[in-house]
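Chain letters run A, B, ... following the sequence lines, proteins first, then strands; residues in each count from 1. Values in this document were obtained by computation on a predicted structure and should not be read as measured data.
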Number of protein chains: 2
Amino acid sequence: MNTPIRRNTKQRAAISEVVQSLSNFHSAQDIHAELAKRGSTVGLSTVYRALAAMAADGDVDTLLRDDGETLYRQCADAAHHHHLVCRQCGATVEVDGPTVETWTQRIAAEHDFDDVSHTLEVFGRCAQCRAQG
Amino acid sequence: MNTPIRRNTKQRAAISEVVQSLSNFHSAQDIHAELAKRGSTVGLSTVYRALAAMAADGDVDTLLRDDGETLYRQCADAAHHHHLVCRQCGATVEVDGPTVETWTQRIAAEHDFDDVSHTLEVFGRCAQCRAQG
DNA sequence: ACTGATATTGACAATCGTTTTCATGTAGGG
DNA sequence: CCCTACATGAAAACGATTGTCAATATCAGT
């Protein structure tokens, strides 16, 4: 049950590079397509595996879309934070929520729950998209 | 583009009954299986369609699991609320979060976002499961 | 550098939840 | 009772993700 040692490969470097160059959240398939567009021949399975590993290491953030598709994003802050995402253009703002964190703790304590974690995402329409209509 | 009129059928009644009898969150497949166990022959597609309709009408709450599977639950309170779910046994507590609601509004306003909504779920381990180890 | 143990890759098949298709059944207003 | 839309169910289609497995590449130790 020991975690396998992680190796540095061209493929992972390429994937990492693409994820960094893309702002906002993108699916594994998106990233694979972008990779292909740039001439890379990385396999789709590899993209999935690399992204999963990066997410496990906390190098990228994940977001579950309504339809169940998983989206990945390179975040500026490695610490725990949440996202404010524009429903239309996908523009993403990283937000810190100390209020929410303490609220979560309190709720858990009140109901005698242990080892708590939470998921929180905020969706809306950004100023730019609103201006356009 | 007008919403179709909703009809009352035996199938939907059966599905509704099962959902009510099951506490906590369950997948469409779970519900279909439970239906079968009780002698009903409702088709899987029908279960999916009925649950989607019920969710659209706000009659049941939905929860997206990490692996993308959608879970459904009959909630006591029809109003907006969140859930504190035990990771182990699935026990669910409905919690109200005025703090979170106002925080969300503030964050959205600060970044000039419009028409905001949010998803928030809290996971943990309940007292009972902790006692068992 | 060479080597060996082992992590990684990629093409493809398999899985699995969910949606669609379409012919048939049925609710419910007139 | 009769329409006419909506609903059903079986099966096929779908789409994201994961597994398989032989070939390959990484890297620590020599």
Between [N] atom [atom2] and [X] atom [atom1], what is the distance in whole Å?
X        : N       : atom1 : atom2 : value
Leu51(A) : dG10(C) : CG    : P     : 13 Å
Leu35(A) : dG10(C) : CG    : C1'   : 13 Å
Ile5(A)  : dA28(D) : CD1   : P     : 8 Å
Asp66(B) : dT17(D) : CG    : C1'   : 15 Å
Arg65(A) : dT18(C) : CZ    : P     : 15 Å
Asp67(B) : dC16(C) : CG    : C1'   : 10 Å
Asp30(A) : dT17(D) : CG    : C1'   : 15 Å

Taking for each residue the nucleotide of DNA chain D with the nearest heavy atom, is it Gln29(A) or Arg6(A) whose nucleotide lies nearer the 5' end?
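That would be Gln29(A).
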Is there a donor-acceptor pair closer than 3.5 Å between any side-chain N or O of Arg87(B) and the backbone N or O of Asp115(A)?
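Pair found, side chain donor or acceptor close to backbone of Asp115(A).
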Between the side-chain atoms of Arg7(B) and the base atoms of dA5(D), is any donor-acceptor pair under 3.5 Å?
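Yes, a donor-acceptor pair under 3.5 Å.
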Distance below 4.0 Å between [X] side-chain N/O and [N] OP1 or OP2:
X        : N       : answer
Arg49(A) : dT8(C)  : no
Tyr48(A) : dT17(D) : yes
Lys10(A) : dT26(D) : yes
Thr46(A) : dG10(C) : yes
Gln11(B) : dG9(D)  : yes

Mark yes when over 12 heavy atoms from residues, nucleotides or ligands other than Asp57(A) sit less than 6.0 Å from its CG; otherwise mark no.
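Check passes, neighbour count above 12.
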Enclosure of Glu101(A) CD (heavy-atom neighbours >12, cutoff 6.0 Å):
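Enclosed.
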Applying a 4.0 Å non-hydrogen cut-off, can you work out what [X] is touching in the nucleic acid: base, sugar-phosphate, or nothing?
X        : result
Ser27(A) : nothing
Asn8(A)  : sugar-phosphate
Ser45(A) : base

Working for ring-ring contact (aromatic ring centres under 6.0 Å, His included), residues His80(B) and His118(B):
CA-CA 11 Å; His80(B) 176 79; His118(B) 63 273; 5.1 Å; yes
Non-hydrogen side-chain atoms of Arg130(B) and Cys86(B) separated by less than 4.5 Å
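Arg130(B) does not reach Cys86(B) side chain to side chain.
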Mapping Leu44(A) and Leu71(B) onto DNA chain C by nearest heavy atom, which one lands closer to the 5' end?
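Nearer the 5' end of the strand: Leu44(A).
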Nearest-nucleotide wise, let me know which of Val42(A) and Glu69(B) is further upstream toward the 5' end of DNA chain C.
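Final value for this comparison: Val42(A).
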